[in-house]
Amino acid sequence: MRLHLHLLSDSTGETLENIAKAALAQYDGVETIKHFWPMIRSEANLERILTEIAQNPGLVLFTLVNSDIRRTLETRCRGLGLPAVAALDPVTDALSNMLGQTAKARPGRQHILDAAYFARVDAIQFTIAHDDGIGAEDWEEADILLAGISRTSKTPTSIYLANRGYKTANIPLVVESPPPPSLFALRNPLVVGLTTSADRLVAVRRNRLLSLNQAPETAYVDEDAVKREIAFARRIFADNGWPVLDVTRRSIEEAAAAIINLYNERMK
């Protein structure tokens, strides 16, 4: 089944994209053709988009706060016989009822350059500068430190956590090269050990070698050697009492959510 999905936003459209992605994940066998229309701030912008919608009819999702632009979109979609769904209306309506306030109708308000925004930028800069064991002298400044053997998703998980505002460092655990003693003396960061199953790790590493045009059969992907690496890392985790997260069947988002829960529990 093919679906044209039109996403219209008066801001970056990031929120709307995430809503659409979460909803579409519940359906199988759907070929989705996304038409992404961010930063719609005038009727003139909308007119050009409406022409495209008429040529590629489908579901219209929008986050538009300007009442005139919304009304035009809804009226024209009704004329085309197309559903137009205001993705955030149920939430803002519920908040208005609970808070006794009317929503301000200011586009892009969630992207305001406040203290939290600059803290997130700082977290991203810190995380990039402390990837793969770099900058050990600054680890005490981290909120979270991820430890694990090669290809256990340390870097992408660190970047995701940084985007959530957590200063995150990560260090690879290598059998032949023990980590610096400072790792075991940290007091401020939550240190989390990442692990995965041997068969998944072998598959991920083999694909990595192939992508680099390197020989796919080395000790790096030998199952017995990989099992020894995993055991080595688990001993370090156990000896230091660090929480361990198995990422075998977890996406980056799921792993990060679990780590944030551990961090919040620690901060109580």
Side-chain angles (χ1 to χ4, degrees), residues 18 21-32 127-128 130-134 136 139 142-164 166 168-180 183-184 186 189-266:
N18 287 333
K21 182 180 179 181
L24 285 167
Q26 303 300 316
Y27 301 92
D28 296 325
V30 179
E31 179 191 351
T32 306
T127 300
I128 292 172
H130 296 83
D131 181 40
D132 207 31
I134 297 172
W139 283 349
D143 298 311
I144 298 166
L145 188 143
L146 304 181
I149 62 175
S150 174
R151 313 313 294 177
T152 49
S153 303
K154 297 183 298 300
T155 294
T157 305
S158 295
I159 296 297
Y160 189 91
L161 287 167
N163 274 282
R164 296 290 300 273
Y166 298 91
T168 309
N170 73 77
I171 179 173
L173 299 179
V174 182
V175 176
E176 299 80 11
S177 178
L183 173 64
F184 309 112
L186 295 174
L190 168 69
V191 182
V192 179
L194 300 185
T195 190
T196 187
S197 66
D199 56 345
R200 179 183 181 276
L201 196 54
V202 168
V204 170
R205 288 182 173 186
R206 184 169 283 121
N207 287 336
R208 174 64 174 166
L209 291 176
L210 289 171
S211 71
L212 297 173
N213 293 320
Q214 296 182 10
E217 300 301 332
T218 67
Y220 186 62
V221 293
D222 178 78
E223 188 167 352
D224 289 335
V226 168
K227 287 179 178 178
R228 286 194 293 272
E229 285 185 67
I230 293 172
F232 165 76
R234 282 192 171 276
R235 279 196 302 274
I236 292 178
F237 303 156
D239 290 346
N240 291 276
W242 298 335
V244 179
L245 188 66
D246 190 328
V247 299
T248 303
R249 293 179 176 83
R250 281 188 168 98
S251 66
I252 300 302
E253 295 86 351
E254 290 169 334
I259 292 166
I260 290 170
N261 283 339
L262 290 170
Y263 181 85
N264 290 338
E265 285 295 321
R266 183 176 186 252

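Atoms OH and CD1, from Y166 and I259 in turn, are 11.0 Å apart once rounded to the nearest 0.5 Å. Atoms CD and OG1, on E254 and T157 in that order, are 11.0 Å from each other to the nearest 0.5 Å. Atom CD1 in I159 sits 11.0 Å away from atom CD1 in I252 (nearest 0.5 Å). Here the straight-line distance linking atom CG of D246 with atom CZ of R200 works out to 9.0 Å at 0.5 Å rounding. Note that the CG atom of L173 and the CD1 atom of I230 stand 12.0 Å from one another [nearest 0.5 Å]. Atom-to-atom distance recorded for W242:CH2 and L262:CG is 14.5 Å, nearest 0.5 angstrom.
Counting heavy atoms from C-beta outward, D224 and R228 have side chains that approach closer than 4.5 Å. Side-chain contact between I171 and W139: present, with at least one pair of heavy atoms (C-beta onward) separated by less than 4.5 Å. Between V191 and F184, every side-chain heavy-atom pair lies at or beyond the 4.5 Å cut-off. Side-chain contact check for L145 versus L183: some heavy-atom pair is nearer than 4.5 Å.
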Notebook entry, point to check: T195 and T248: side chain to side chain contact (heavy atoms under 4.5 Å, CB included), yes or no, with the steps?
Noted result: CA-CA 8 Å; T195 190; T248 303; over 6 Å; no
Item checked: Verdict with reasoning, R151 to E229, per salt bridge (charged side-chain N to carboxylate O under 4.0 Å, His left out) -> CA-CA 12 Å; R151 313 313 294 177; E229 285 185 67; over 6 Å; no
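Annotation for R249: atom CZ does not count as buried by contact number, only 12 or fewer foreign heavy atoms lying within 6.0 Å.
Shortest non-hydrogen contact noted between A258 and R250 is CB-NE, 4.4 Å. Of all heavy-atom pairs spanning A169 and S158, the tightest one is O-OG, 4.2 Å. Contact detail for A198 and K227: the closest heavy-atom pair is CB-CG, 3.8 Å. Of all heavy-atom pairs between P172 and D132, the closest is CG-OD1, 3.3 Å. Of all non-hydrogen atoms in L194 and T152, the two that sit nearest each other are CD1-O, 3.5 Å. The two residues L190 and P243 come nearest to each other via the heavy atoms CD1-CG, 4.1 Å.
With T155 as the partner, the side-chain hydrogen bond (donor to acceptor under 3.5 Å, both in side chains) test is satisfied by one option alone out of T127, T168, D131: D131.
Looking at K154, its side chain does come within 3.5 Å of a backbone N or O of I149 through a donor-acceptor pair.
Between the side chains of Y220 and S150, a donor-acceptor pair is found at a separation under 3.5 Å.
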